[in-house]
Amino acid sequence: MIDLRVLRDTPDVVRTSQRLRGDDPSLVDAVLDLDARRRAALTDYERLRAEQKSLGKEVAQAKGDAKAELLTRGKTLADQVKALQADADAAAVELDEVVSRIGNVVIDGVPAGGEDDYVVLRHIGTPRDFAAEGLRPRDHLELGEMLAAIDTERGAKVSGARFYYLTGIGARLELALLTAAMDKAMAAGFTPMITPTLVKPEIMRGTGFLGAHADEVYRLEADDLYLVGTSEVALAGYHSDEILDLADGPRRYAGWSACYRREAGSYGKDTRGIIRVHQFHKVEMFSYAKVEDAQAEHARLLALEEEMLALVELPYRVIDTAAGDLGSSAARKFDCEAWLPSQERFLELTSTSNCTTFQARRLGVRERVEGETRTVATLNGTLGTTRWIVAILENHQQADGSVRVPEGLRPYLGGLEVLTPQASGAGA
RNA sequence: GGAGGGCUGGCUGAGCGGCCGAAAGCGACGGUCUUGAAAACCGUUAGUGCGGUAACCCCGUACUCAAGGGUUCGAAUCCCUUGCCCUCCGCCA
């Protein structure tokens, strides 16, 4: 939720942000209008309510006829107060509805435009030249099946399209990767967390996932709970309605959880293998920081993501996501995309967002500064997901279908240096 | 699944339908005293919206005693619903 005061004081800033996102700047004026109406309604209500309260005190002292007369006056007053309160409440609801459609104010420097208008900040590492090696790169599913690591057929049999089993070395590889990610996070001062994956509506709404992309989220109708698409949700909710002490620096958490995504509207996209799936695991960094520390913390999260990519020896690029491709909560987002040899394109492996105070405001996460309370900033970033297996298999494959284990992962696989194809394939 | 008990400020814990946004204690903060500290003593100490205002000082006002409804001129207090916590019984592991 954006700060109404900011919107009132500097509406042009918000209008500009809306334009950069490709959203409707006139929403700002709608908000200003509704806000004025709400305040007027509130003033009317409060004036009458104050009268009602003081009348109530007179009633308590009056006697006889005077009292009877006060009571009848009180009765009509009560009806009027109730009506005015209903007006004020209705105005507040209407205002909230429109406010919730405005995304976070983007940070200066964020490129304008949509999905394809990102700016590449840098390339790290060099993709292998498979042609020069005289090799046709196998894709991750072919490799995964040779290694008996991935079984999408049985995933589909049991759960449907976009489900899979990680089997044998595939399961071990995921555990190794995510454990390495947890270790990296802990070394950087993050508290490891295993989080709930079902959350209440107000938490889901507070994190901004029920806006434009609400149809991406699984909902359990019978229990009025949502399945999270990332542990960011549970970690953002962790300190909801709390006042934090950030005097000693940001609060940092690393969440390990299953993630669920409906992938509505992505029919036919990435249907092969485990690139785009309904359920996967992820280690996610999450920081609560002072507003003025948020940009520095964002850089820190990005640096940790890059360290993790270096650990698994993947070539990648870093992009500064365009305003139109930001989630509603994010004020800026950096993605790291690894090279995908089989498709000769980049594939998003990490994403780190600076949500400034947008999430924390609705979730009520504040800090005390010189006796005052104020909303904190929240940030999140990916440190490892099931999808990384895709890039690891493809980039480190060898001519015979075996896969070299990057050195950084070897300690997590009992020193294993090479994943070797199984004669029979996955689960056969 | 059944039967009870509970939910009040940072914490503990009082609270008769009106004088209660709420006693008291603890904690925290400031001060006096002290070479310094402790102790003692004095004082301060919920949040949020709105209005006044240049102003996040201050003043006024409203809301908040788990949440949402209701009764009443008036609700922390009475009634209903929901959630959560605790105890006991049953059931499943």
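Given the structure is predicted, the values throughout are model-derived calculations rather than measurements. In what follows, chains are A, B, ... by sequence order, proteins preceding strands, each numbered from 1.
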Sugar-phosphate only, base, or nothing, as touched by A/Gly74 at under 4.0 Å among non-hydrogen atoms: sugar-phosphate

Given B/U48, is OP1 or OP2 found less than 4.0 Å from the side-chain N or O atoms of A/Arg366? yes

Residue A/Ala50, side-chain heavy atoms: nucleotide from B/A62, B/C50, B/C73 that is nearest: B/A62

Pair A/Arg38 + A/Glu94, salt bridge at N-O below 4.0 Å: no

Counting only side-chain N and O atoms of A/Lys53, is one of them less than 4.0 Å from OP1 or OP2 of B/A75? no

OP1 or OP2 of B/G51 versus the side-chain N and O atoms of A/Arg39: is any pair under 4.0 Å? yes

Using Watson-Crick or G-U wobble geometry with both distances below 3.5 Å, tell me the partner of B/A40, or none. B/U32

If you compare every side-chain N and O of A/Lys57 against the phosphate oxygens of B/G18 (OP1, OP2), does one of them come in below 4.0 Å? no

A/Arg8 vs B/C50: side-chain N/O to OP1/OP2 distance below 4.0 Å: yes

Can you tell me how far P of B/U72 sits from CG of A/Asp79, to the nearest Å? 10 Å

OP1 or OP2 of B/C63 under 4.0 Å from side-chain N/O of A/Arg49: yes

Sugar-phosphate, base or nothing in reach of A/Leu71, heavy atoms under 4.0 Å: base

So does A/Glu145 pair up with A/Arg272, basic N to acidic O under 4.0 Å? no

Nucleotide of B/C50, B/G47, B/G18 approaching A/Lys67 most closely (side-chain heavy atoms): B/G18

Closer than 4.0 angstrom, basic N to acidic O: yes or no for A/Arg300 and A/Glu305? no

OP1, OP2 of B/G74 versus side-chain N and O of A/Gln52: anything below 4.0 Å? yes

